[in-house]
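Note that the structure is predicted; figures quoted are calculated from it, not measured.
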Amino acid sequence: MTSPRPTASAGLDWDYAPAPESAAIGRLRDRYQMYVGGQFVDGRGDDVKTVNPATEEMLATVSTAAAADVDVAVAAARAAYDGVWSRISAAERGKYLYRIARGIAERSRELAVVETLDNGKPIRESRDVDIPTAAAHFFYHAGWADKLEHAGYGAAPAPLGVAGQVIPWNFPLLMASWKIAPALAAGNTVVIKPAETTPLSILVLAEIIADADLPPGVVNIITGAGDIGAALVNHPGIDKVAFTGSTEVGRQIQSSLAGTGRKLTLELGGKAANIIFDDAPIDQAVEGIVNGIFFNQGHVCCAGSRLLVQESVAEEVNAKLRARIATLRMGDPMDKNTDIGAINSATQLATIRDITDTGDAEGAERWTSPCPVPDRGFFFPPTVFTQVSQSMRIARDEIFGPVLSVLTFRTPDEAITKANNTPYGLSAGVWTEKGSRILGMASALRAGVVWANTFNRFDPAAAFGGYKESGFGREGGRSGLSAYLNTDDDAGVAAATPAGAPAALGLPLAAPVPGIAAGAPGISAGAGSRSDELAVAEALSEAEAVADAAAVLADAQVAQSVADHAEQVDQSIAAGTAQSAQRISVSKTYKLYIGGAFPRSESGRTYQATGGPDGTILANVAQGSRKDARDAVAAARKAFKGWSSATAYNRGQVIYRIAEMLEGRRAQFTDLLGGRTQDTASVDEAIDRLVHYAGWTDKLASVFGSANPVAGPFFSFSTPEPTGVVAAIAPQHDPLLGLVSVLAPIITSGNTAVIIAAQHQPLAAVTLAEVLATSDLPGGVVNLLTGDPAEIAPHLAAHADVNALDLTGAATTLRTDLERAASGTLKRVYAPAAHDFTRAPGTARMRAFLEVKSVWHPTGAVSLAGGGGY
Ligand code: NDP
């Protein structure tokens, strides 16, 4: 199947000799079983056939799960968590991971062959990138297992319990190791489902896991299609969900998990811009473009699928690119000389054809590599579209194939605007000789990874993950670990057991697990103990009760103050003093605080707010509306650029100044809260909290960023960045301290905020707005709305320009609805199960609204090598 290599010179008609790897090395069996509870077992689903996409021949049959098998696998993972994994020492856990890393290395060629046969990717890539990087992930995370207390998440970070993980077909073994290794290192157990079309390499990994004597049930591998993935992520016995795949399915998962309190990380699609400036080393850039889009046939979420070339070099780049692409060899993936392998499935091939057809229809110019296309198997030749405009589908949709769309730009600003003009935000590439431009672009690009003068570099030490609709959460590095730890220090960490200490959590075994009997050596069912889920539910209903109680109390205060007032009038009439003799104060109507100004609500409605020492009615406040919410988001968005690019020192100064001003109004705020001793204490805590966060602004990068010791001649660093516009519901109690505790961590890192104040006690918030308006805080950085969260918040949750939600003050039913609405645009959601603002704050609130961006640059010469660092 080796294709003749097009020759540049007619006189030199040479070609590579075929260099096929032997399929026998893969030691394929006719049939594969699932791996549950330490046993290879048949699932109750129908067997499926897995085919070689390069030949369309059947490779093996694979047993698959039915929903009942998901129950069994989750129960096995729970039992293993309770009985063994949470009880053994962290150092022991690490040793198991080292064993698995070794096992992968020892069977690396076999795994590479299996991966290539099942997936269609060139053997050169599975051998040199996928498998070594998979081993490296286990090795890296093995080292974390006994050092979690140094990861920056507290002295005794606790695991979450059972992780449910779903992975796609593009890097089957690599994605499995990205998921399993950190979960296990952090002390969790795992149930994982591979894609239906690529189950084989993870089932070989199951053998390696078994050979490593990993306790039964710590890793469970169930096979099947999307319905089994859905059953897994929605299973009530799961504590954490990690998903890699399409944005559409990610959205569904976020929606279906709304209100469950379960931790979720999503690694979704992308439409990365690879930006070539006119001062770039063009030949190297061409290599980077080729690597960026044709590595793994373009089945890469971070593929550089949009090429942005500076106009002055566009012609040169296009010509060189076509010449280079014409030399790529497409064909037998098992041939070590093959550059472009097979598309993974007939379905994916049809998708690529469908989207590229729209490119023709919309007027783009298609160029196809002249390489021969094998007559069997699923192949799509390297394709480049020019004359592409931003509105075309080929420039917007993730094609997930070897297809490049070329756009041009004139100025760096235009490049930034075009690069960021996508709902995705996973990765980007920048090619230029100018160091300052690299760093400037890296900071302006809204993407989780920026490769400068290189592309498609991965390393377990460097965080990887998306901005915007490319998902949330990171994999790799220190921030990747946090996805599997209970790092929510809002109410003081952690219901769960420190990773490495004995556990008392768990569900009883729901069904007998093959190979596991309750009471069997090394494993127990943990019957009768409390589940995390129960704890979360309890905490939620407690929070709801507090919120409801506050509302009821406020209503009671309203009722009481009305009654008191009536009584006063009665008394004055009885005493013969005319009511008109009393001074009636000028009634005050508080407006909203948007963009640094105080507009009236568009709703034209107000409601009465209470406050003061005796809880009398003090003022009318605006009932915010949909339009107000939209205005506030627009103001926050407008302010984001300036606030996020202000120096950390500057932001710290501004926040400190707010504290100073609050100190000057200490007595007024105390009165507003009720004038009691505890109210003074609460105001003092609010002031101190601002001081606390003011001191964080210039520490964030050093605490949450890192220099990444990646392999190869690269310097890589990860740095935290603000998420964007955060919409929050302030707690219904603690109207000042709660508000400040929500607001300050959002703006500390450069986000801007739209906050709905405590509905029934909004006076502290509206008075704080007066403080903010006269402080140095730029207008629009904080926008305060008053009114009923149930009326306003849905508009914020559905708003495309809101990047994240903080649901601290939302009652349970509203919280679920909002989480569901947030999934529409894949907003980050912070919805702590409980919070206690009287405790010293942790870092969870800041981390919730931080993205981590990894930047790579070659050291010394610009890298010509392909993807992967091993
Ligand atoms: P999917 O999102 O459909 O599948 C990813 C994984 O999720 C698979 O294991 C799949 O099972 C499973 N799954 C499917 N539906 C559900 C569900 N409702 N709940 C839980 N799990 C589910 O992606 P595809 O593999 O079909 O790829 C389609 C597109 O996704 C690609 O064209 C590309 O745009 C994008 N993609 C992005 C990836 C990335 O790394 N970011 C990786 C892969 C795809 P099964 O496949 O067995 O049906």
Side-chain angles (χ1 to χ4, degrees), residues 246-247 269-278 280 282 285-286 288-328 330 340 343 347-371 373 378-411 414-429 431 447 455 469:
S246 62
T247 293
K271 191 74 186 174
N274 203 357
I275 305 169
I276 318 294
F277 283 96
D278 57 6
I282 299 290
V286 166
I289 298 165
V290 168
N291 169 29
I293 185 60
F294 300 121
F295 171 58
N296 202 33
Q297 295 75 244
H299 301 327
V300 185
C301 45
C302 50
S305 53
R306 281 185 304 151
L307 179 64
L308 297 185
V309 196
Q310 199 151 22
E311 221 168 72
S312 49
V313 290
E315 230 169 83
E316 180 189 357
V317 169
N318 271 328
K320 287 190 166 170
L321 189 57
R322 287 176 192 199
R324 176 67 180 97
I325 294 172
T327 69
L328 297 176
M330 184 170 77
I340 313 274
I343 303 301
T347 315
Q348 185 60 22
L349 182 58
T351 304
I352 297 169
R353 287 185 175 145
D354 175 44
I355 303 183
T356 49
D357 285 350
T358 70
D360 302 326
E362 291 185 301
E365 205 166 276
R366 183 197 293 241
W367 177 87
T368 304
S369 167
C371 67
V373 179
F378 313 129
F379 287 91
F380 194 91
T383 299
V384 178
F385 279 102
T386 47
Q387 307 299 319
V388 177
S389 70
Q390 295 188 78
S391 59
M392 290 180 188
R393 192 169 166 211
I394 51 169
R396 288 183 288 111
D397 286 7
E398 186 180 38
I399 302 174
F400 229 58
V403 181
L404 182 67
S405 299
V406 184
L407 298 100
T408 56
F409 67 91
R410 288 186 183 169
T411 63
E414 189 186 345
I416 291 164
T417 307
K418 285 186 168 168
N420 287 338
N421 182 18
T422 166
Y424 295 114
L426 193 52
S427 64
W431 294 82
F455 209 93
E469 295 194 18

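Lys418 contributes no side-chain N or O that, together with a main-chain N or O of Leu407, makes up a donor-acceptor pair within less than 3.5 Å. Put simply, the side chain of Gln348 gets close to the backbone of Phe400: a donor and an acceptor are under 3.5 Å apart. At least one donor-acceptor pair closer than 3.5 Å links the side chain of Thr383 to the backbone N or O of Pro381. Judged by distance alone, the side chain of Ser405 and the main-chain N or O of Ile394 form a donor-acceptor pair under 3.5 Å.
Residue pairs meeting the salt bridge (charged side-chain N to carboxylate O under 4.0 Å, His left out) criterion with at least one member in residues 387-403, sequence neighbours excluded, are Asp354-Arg393, Arg393-Asp397. For residues 294-310, every residue pair satisfying the side chain to side chain donor-acceptor pair (under 3.5 Å) rule, not counting sequence neighbours, is listed here: Lys121-Asn296.
Checking each of Ile289, Ile340, Val403, Val300 against Phe294 for a side-chain contact (heavy atoms from CB on, under 4.5 Å) leaves exactly one that passes, namely Ile340. When the options Leu307, Thr356, Leu404 are evaluated for a side-chain contact (heavy atoms from CB on, under 4.5 Å) with Phe385, the one that passes is Thr356.
Within 6.0 Å of the CD atom in Gln390, the count of heavy atoms belonging to other residues, nucleotides or ligands exceeds 12.
Between Ile399 and Ile352, the shortest heavy-atom distance links the atoms O-CG1, 3.9 Å. For the residue pair Val309 and Ala314, the shortest heavy atom distance occurs at CG1-CA, 3.7 Å. Between Phe455 and Ala272, the closest heavy-atom pair is CZ-CB, 4.5 Å. Leu308 approaches Ala415 most closely through the heavy-atom pair CD1-O, 3.6 Å. The shortest non-hydrogen separation linking Asn274 to Trp431 is OD1-NE1, 3.0 Å. Nearest heavy-atom pair across Gly363 and Met392 is C-CE, 4.2 Å.
Scored by the salt bridge (Lys or Arg N to Asp or Glu O under 4.0 Å) test, Glu311 finds Arg410 as partners (sequence neighbours excluded). For Phe409, the ring pair (Phe, Tyr, Trp, His ring centres under 6.0 Å) criterion is met by Phe277, not counting sequence neighbours. Applying the salt bridge (Lys or Arg N to Asp or Glu O under 4.0 Å) rule to Glu362 yields no partners; only residues at least two apart in sequence or on another chain are considered. With sequence neighbours left out, the salt bridge (Lys or Arg N to Asp or Glu O under 4.0 Å) criterion links Glu365 to no other residue.
To the nearest 0.5 Å, atom SG of residue Cys301 and atom CG of residue Leu426 are 5.0 Å apart. Separation of atoms CD1 (Ile276) and CG (Asp278) is listed at 11.5 Å; rounding is to 0.5 Å. The OG atom of Ser369 lies 11.0 Å from the CZ atom of Arg324; values are rounded to the nearest 0.5 Å. A distance of 9.5 Å separates CD1 in Ile343 from CZ in Arg353, rounded to the nearest 0.5 Å.
The shortest distance between side-chain heavy atoms of Arg322 and Thr386 falls below 4.5 Å. Within the 4.5 Å cutoff, side-chain heavy atoms of Tyr424 are placed close to those of Thr247.
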Verdict with supporting geometry, Ile325 and Leu321, side chain to side chain contact (heavy atoms under 4.5 Å, CB included): CA-CA 6 Å; Ile325 294 172; Leu321 189 57; 3.7 Å; yes
